[in-house]
Amino acid sequence: MAGKKRPSIALAEPEAAADGSSSQEEAAAKPAPAAEAPAKKKKLSMERKKQRKELDKERHRQSAESDAAAAKLKPQQQQPAEVAPEAAAAVAAPPPPVPVMSGPGLHMNVFRDLASPEASHREAAAEALVAELRQVQKAYEKSGRKGESEAGGGDGSSQMEAEKDDGLENCAPSVRYAIRRLIRGISSSREFARQGFALGLTVVLEAIHAISVEAIMKLIPNLLEYSASMKGPEAKDNLLGRLFGFGSIVRSGRVSGQWAGEKSSPIIKDFVNEAVKLGSKKRYLTEPVVAVILDLAGKLPEEAILSEILEAPGVQDWFNRAADAGDPDALYLALKLQEKTNAQKEIFGKLLPYPFSPEIFFAEEHLRSIAACFKESTFCLPRIHSLWLVITDMLVQEVASQSDIATSSSKKHKKNKKGSSSEDTKKNLHTFCEVIIEGTLLLSSHDRKHLAFNILLNLLPRLSPSSIQVILSSKVVHGLMDVLSNESSWLHNAGQHFLKELVSLVSDDNDRRVAVIINLQKYSSGRFDCMSKTKTVKDLVTKFRSGQDCLCLVQSLMSLFVDESSVTDEPSDQSQTTDENSEVGSVEDKDLFGQGSADLLKSWIVTTIPCVLKNLKLTSKGNSLTDSEMVKCIEEKFQVQTEVLKFLAVQGLFSASLGYEVTSFELHEKFKWPKPAISTSIRNECIGQLQFLIEDAQKDETLHVSEVKSNDLGFYFMRFINTLCNIPSVSLFRTLSTNDDNAFKKLLDVESLLFYEERKVGPGLESTKMHAMRYLLIQLLLQVLLHPDEYWEAAIDVTICCKKSFPSIVQNDNSSGQPSNEGGVEGFNEDGSGKSNEDGLEECNDDVSDDSNEDGPLEFMDVLVQTFLSVLPHVSGPVCFSIEQVFRVFCDEITETGLLDMLRVVKIDLKGSRRQSGSDDDEDDACVDIEDDDETIVEDEEVGDTDSAADGLDEEMDEDSADEEDEGQDDLKETVEHEAKDGDDAEATKDGDDSDDSDGMDDDAMFRIDPYIARIFKERNLPGSETRQSQLMRFKLRVLTLLEIYLQRNTGKNLVLEVYSFLMQAFVKSHSADGSEQFKQRIGGILQKRIFRAKDYPKGDAVELSTLESLLEKVLTLASRSRYNTVASVAQNAAFWLLKIINSKSCSKQELASVVDKFQYILTDYFNNKKSRLKLGFVKEVVRRNPWIGEELFGFVLQKIGCSKAEYRRVQTLELVDCILKSWAGDDSSASKLLKKHMSQLCELIQEVLTKIPENKSRRQEVRRFCTRVFQTVTKLNLKERFQKKLNPETLSLCEAQLGAAFVRFQK
C-alpha cells in the first residue's frame, strides 16, 4: 500500500477510522489467488513495515491539520455547555468537521523532543508525555471507557489508534498509540532517539499501571520483528530496540512490583527467558542482556533471585553449556548472582565451584576448566569485558579488607589473620596469573595478548608492591620485551601503551617503582631497556631523588644481587610467550640463561647502584642552600655512598672462607655473598665502580661550601678495608703475589699516616697536597688488586715520593713504633737528603730513567712524573683524575727534565719513530727549537705540494707567471718526493705485514726510544686489545691534560717556550701524518688558550733572542707555506706571541734586524713564488701591533713591489704600504724623516702602478685610493713641494690622466 493515500474519513468518528484502518490491513493480509501464492510468500516484513510508516505519516498529517483548525476555531470552542451536539456539528458541517479540543490530549511535539541531543530536553519531553497520557487515561477511565471523544476531549492523535487485540484494551487509544510509537522509536538510530524513547517508555510504564507488562513483552517482538533473513542496519536496529525495550520494562519497576504483589506470578521467569533468548541471537547482545538481568536482580530480594532468575529454564540451560562453550557472559552472570545471593547450591553448572569460595574458585584446576570463558572475552576489544572487573575485584578485595583491619586494630590475632589472608590473596593472584594470564592469554592470539596487558593495567593500581612482583612474572616481562622489540608487530602500540601506563602508575610510589624495576630487570637479565628499545628502567631509576628513596633502591638491588634464586627460580622460558609451539626451549638455551644471565643481571646491578648517586648531586642548587641544609644533604648522600661502597667492596674485593654470611661485631653488620661464586668479570666491575665512586667523592669535595666540612669517603673506605682484612673468615678474593702484597700493605700504611698528618696540619696547601696524594694511593691500591703484578712498582714509587715530600709522616711512623715497609725510609734526613733515599729513588726508577741526560740522582718531582708516565697509558679514568689532582698541587716544583719527559710523549709517533730512530740521537738536547730533521720534512712536504692544492688567491694570478718556478724549489721538491715515497713504502710494508721483522726494527730498539711506550708494543699482538695507535693517542691526550694544568699555573715561566716548541711540532705533524682529529683540536686549543691568549708570558733577558728568532722563522714559514688553514692560523698567532716576547726584551735596533730579515724573506717569497700562501692581512696585523717592523719594511716593500708579476699581489701590497703609512700616526718627525728617505721610491711606485693600471674595476679603484692616501700623507707631513719635485713629467701626466680631480686638489 506504499504510495497510496488513505480514503477520506471523518475525524469525528474515531471508531470508523479505526475500523477503516483495520479493514485495509485485513485486505492487505487476505490470501491471494492460487496463481499469486508464490509471490505472496516472498513478501518480506520490511514491506509491511513501510506500509505502517505510510499510515503513520498520514495520521501525522491529519493531526497537524486538526491542530491548525482547532486554533482557527478557538472562539467557537467557548460555546455554552448546554448547546446540543447536533448544533455544533451543523456549524462545522461544511467543510468536513475537525474535532475541537476541550479536554486532555496528546501533542506530537513531545515525540520530537524525545530524540533531542540534549538530555534535559529529553527528560522534559518524557515528563510532558507522562503528564498528557496520565490525563488522557484518567479521562478515558472516567468516561466509562467509551472513547475519548465521548469523554469531552481528545485530539487527532487520540483517534488514530483502533488496533486489533494487543492486550492494551484497558488503555485509551492515545496511550495505545504512544506505546506503539515509543516501541518503534527505540529501534531508531536517529540522533538520540533510542535513548529518549527508552526513557519515555520507562516513565510511561511506571506511571500508567493500566498498561499490561505481559502485553508490552509481547508487543515489543511483534512490532520490532527479526528473522534470520534480515540483514544489515535494520536487523541491528530492531534487536537493539528489543534490548532497550526490555531494559525499560526492568527500570520501570513493573516486573519486580508485579511479583511482589503476586509471588506466584511467572512474570520474572518469562521475562528472563525472553531476555536470554534475545541474547542468544547475536554475540554483542549477550553482555547487555546480562546487565538487564542483573538490573532486575538488583530490584528483587534474594529469595526471588534464587527461585525465579536462577530457576528459569533459559538460565539453567545457559549455565550448563557455558563452561564447555566458553561463554564469558554466563560466567559474569553467575559470579554476580553468587555475589548477590551467596548461594551454596550446585546451580551454576561448571562455572562456579560448590561450595563456593575465592580460594576454590582461583584454584588451578577450576581455572583451567573455565579458561575458555576467559579466552572468548576478547570479542569486545578494545573494551574490556565486564567479567574482568568482577575478577579484579575478587583478586584485590581481600587486600583492601585486610588493610582496613590493619589500620583499625593492632591486635596480635588480627595481625596473624592479616598475614594468613594476605598469603592466600597472593596465592590466588599467583595462580590466576600463571593459569589465565601466562598459560592462556599470552600463549594465544595477538588479541588475547592485548587483553592480558589491559587486565594487568587494571590490576596494577590496586596491588601492593609485593603483589606487583607476582603479576610482573618472567613470562609477562618476556612477552612485553618480545612485543616491544618488533616495531612492525600489531601489538607494538599496545606494548608501548602498557609500558607508559605502568610507568605513570608507579611514578609517585617508591615501593611500587622499586618492585617494577626489580622485576623488569630480574627477568630480562638486566637488559630490559636494550631488548625493548626503550629507556624505561633508566627513567625509573632517575626518579629517586631524596637520600632515603635512593637508599631504598640501593638496598633492594643489593638484595637482588645476593639472592641466589633471582634467576634460577624462573626457567629460561622466554620463548613461551611467542606461540603455543615453542613452550619448551632447548637445553643449550637453558644453559645460556643460567650463569650467563645471572652475570648479566649482576653486571647491571653493579653498574646501576653507583648511578643512583647522580640523582643526589648538589651542583644545581648548592648555592641556594644554607649551611645547615647543605650539611643535611651531604650527610644523606654520604649515607648512600657508604652503603654503595660497602657493597662494592665486599662483593668485589673479598670472599667468605666459611659459608656465605659473615658478621662483623666491630661494624655491627652482617655481610652476605651469593651462593654461586661471583665471576672474575663481575668482581672487576665492582672494583672499577669503586674507583669511579671514590673519584666522584673527590670531585664533590671541590663543590661544597668552604664552611661546610664534608665527609671523607676515602678514609671510610680504607678503614673498612682494614676492618674486613682483620676478620679471620674473610679474605681477599685472590691470593696476592709477594710484590702485590708488599705494595698493598705499604699503600694502607702510608695512606693512614697521611690522613692523620693531614688532620694535624689543618687547612692549607700542605693539607691539600696530602689529601690529593691519599686519594691517589687509594686508587693505586684498587689498581693493584685489579691487575695482578702490573702496578706494584708504581705504587711503591708513589709511597716513596710521599715520604720524600712529607718527611713528617716518616718521623711519626718511627716515633709510633710502627715497622717500616720499605728499606729506604730510615735514610730520610730532615733536610730531605741521604744516600739511602737517593739509591732507593734511583733503584725503583731504573726502567724509566734510561733516557735521562742527567748523571746525578733524580729529583723528587722527576721520579713522580716518570711514575705517572709509566702508568698513564693503561690505568683507568679515576686513576688519571687522581694523578691530575696530585700534579695540580705539585706542578710548580716540576723540573726541566720532568717536563721534557712529558713533552717527548706528545711528540712520539709510532710511524715516525721507527723510520727516524737513527737520526734522533740528540733528542734530549735542552734547546727549545723544533727538531730540524722533522721540521724540514714537514716544511718540504708543504713546499713540494702540487698546483692542485693552491688556494683561491693563486687563481687570480697572471697566466704569464704560472710556469715560473725557482730552480732550488724544483730540486727541493724532488728530494721531498723521494723521502715521501720512502715513507709511503714503509707504511705500506707495515700495513701489509704486522710481523715484528717487517718493521726493520726490533723491540729492544723501540724500547730505547721511549720506555713509556714499551708496554704498548708488548701488547700489540694480543687478540681483542686496542690498537697500538689508539693506546698511544690515549696516552698523549692524558699527558696533554697534565701539560695544560702546568700551563694554567706557570704561563710566565721560561719553560713555557719548551712546551710551545714541542706542542707546535706535534701539531704540525698531526696534520701531515693523518693524526687524530681529537688530538689536533686538543693541541690547538692548548696553544691558543693556554699560551697565546694567556695573561702572562715569558719576559726578560733570560730568554735568548736567537732562540726566539729561530722559532719565529719557523712559524713564519708555516704561515706562508702551510696548506692547512688551521696550521697557518696557529702559526700566525704564534708569531704574534713570539713578537710580544721579543718586544719585552731590551734589544737594540741592530739585534732586531734579524727579526726584520725573517719578514723580508717571506715577503720576497710572496712576490717571486706563486706557491706562497702568505696572507698579507697577517703582515698588516704584525705592522699594526709592531710599528717598528713597518718602518724597517717600508723601503723593502717599495723596492720589491714592482718585482711581483701577479697583478693581484701588487694591488694587495699597496694595502700593506698604506697600512705602514697609517702606523706612523702620532710620530710625525720620524715619519717625515723616513718618507724623505724613500721619496724617490714612492714616486717611482706611483708611476709604475699608474702605468700598469689594472683593468679590473675594483683593483683600479684600489690603486687610485692608494695614490690619494699617499697625497694626503705627504700633505699632512708638509712634504708636498719636495714630493712634487720628485715627480717627473711622465708621472705628472699619468696622475692627471688617471687620478683627475684628486690630483688637481693635491696640486692646489
Looking at [Y] and [X], is any side-chain nitrogen of the basic one under 4.0 Å from a carboxylate oxygen of the acidic one?
X: Glu751; Y: Arg719; value: yes
X: Lys699; Y: Glu695; value: yes
X: Asp700; Y: Lys637; value: yes

Check whether any side-chain N or O of [X] sits under 3.5 Å from a backbone N or O of [Y] as a donor-acceptor pair, and report yes or no.
X: Arg1049; Y: Asp892; answer: no
X: Ser767; Y: Gly764; answer: no
X: Ser1061; Y: Glu1058; answer: no
X: Lys1036; Y: Ile908; answer: yes
X: Asp901; Y: Gln866; answer: no
X: Trp792; Y: Phe744; answer: no
X: Trp673; Y: Phe654; answer: yes
X: Ser752; Y: Leu748; answer: no
X: Asp712; Y: Phe715; answer: yes
X: Thr1041; Y: Leu1037; answer: yes

Restricting to non-hydrogen atoms, name the atom on [X] and the atom on [Y] that form the minimum distance, rounded to 0.1 Å.
X: Val730; Y: Ser657; answer: N-OG, 4.3 Å
X: Val606; Y: Cys686; answer: CG2-SG, 3.6 Å
X: Leu869; Y: Phe1035; answer: O-CZ, 3.4 Å
X: Phe720; Y: Ala649; answer: CE2-CB, 3.8 Å
X: Ile796; Y: Lys746; answer: CG2-NZ, 3.9 Å
X: Thr1051; Y: Leu1047; answer: CG2-O, 2.6 Å

| said: Apply side chain to side chain contact (heavy atoms under 4.5 Å, CB included) to residues Leu781 and Met718 and explain how you reach the verdict. | reply: CA-CA 10 Å; Leu781 181 142; Met718 298 300 278; 3.9 Å; yes
| said: Looking only at the side chains, is there a donor atom on one of Ser603 and Glu685 sitting less than 3.5 Å from an acceptor on the other? | reply: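 A pair is found: one side chain offers a donor N or O, the other an acceptor, under 3.5 Å apart.
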| said: Under 3.5 Å, is there a donor on one side chain and an acceptor on the other for Asn739 and Tyr791? | reply: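 There is no such pair between these side chains.
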| field | side chain to side chain donor-acceptor pair (under 3.5 Å): pairs with one or both residues in residues 720-735, sequence neighbours excluded | value |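 Checked against side chain to side chain donor-acceptor pair (under 3.5 Å) - neighbours excluded - no pair reaches residues 720-735.
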| request: Go through the structure and list residues passing salt bridge (charged side-chain N to carboxylate O under 4.0 Å, His left out) with Arg1082, not counting sequence neighbours. | output: Glu1044
[X] side, atom [atom1]; [Y] side, atom [atom2] - distance, nearest 0.5 Å:
X: Arg1038; Y: Leu872; atom1: CZ; atom2: CG; result: 6.5 Å
X: Met770; Y: Arg774; atom1: CE; atom2: CZ; result: 11.0 Å
X: Ile687; Y: Leu693; atom1: CD1; atom2: CG; result: 13.5 Å
X: Lys804; Y: Glu859; atom1: NZ; atom2: CD; result: 8.0 Å
X: Ser876; Y: Leu782; atom1: OG; atom2: CG; result: 8.5 Å
X: Phe671; Y: Lys646; atom1: CZ; atom2: NZ; result: 6.0 Å

| query | How about Gln1048: does its CD atom have over 12 heavy atoms from other parts shown lying under 6.0 Å from it? | reply | yes
| task | May I ask you to check whether over 12 heavy atoms, not counting those of Glu1104, lie within 6.0 Å of atom CD? | result | no
| Quick check, are the ring centers of Phe755 and Phe717 under 6.0 angstrom apart? | no
| Phe887 ring center within less than 6.0 Å of Tyr1046 ring center |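 Centroid separation for Tyr1046 and Phe887: 6.0 Å or greater.
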| message | Can you see whether Phe806 has Lys769 sitting over its ring - NZ or CZ less than 6.0 Å from the centre and within 45° of the normal? | response | no
Contact check, side chains of [X] and [Y], non-hydrogen atoms, under 4.5 Å:
X: Leu1043; Y: Val906; result: yes
X: Val865; Y: Ile894; result: yes
X: Glu758; Y: Glu766; result: no
X: Gln1065; Y: Val1068; result: no
X: Ile727; Y: Leu724; result: yes
X: Gln689; Y: Ile609; result: no
X: Asp797; Y: Leu864; result: no
X: Val863; Y: Ile800; result: no

| For Leu1063 and Phe1067, what are the C-alpha separation, side-chain angles and deciding distance, and is it a side chain to side chain contact (heavy atoms under 4.5 Å, CB included)? | CA-CA 6 Å; Leu1063 292 183; Phe1067 183 68; over 6 Å; no
| field | Ring geometry between Tyr775 and His771 (parallel below 30°, tilted from 30 to 60°, perpendicular above 60°) | value | tilted
| field | Residues Leu690, Leu653; criterion side chain to side chain contact (heavy atoms under 4.5 Å, CB included); working and verdict | value | CA-CA 10 Å; Leu690 263 177; Leu653 302 181; 4.1 Å; yes
| Between Val662 and Val650, is a side chain to side chain contact (heavy atoms under 4.5 Å, CB included) present by the stated rule, with each step listed? | CA-CA 11 Å; Val662 171; Val650 169; over 6 Å; no
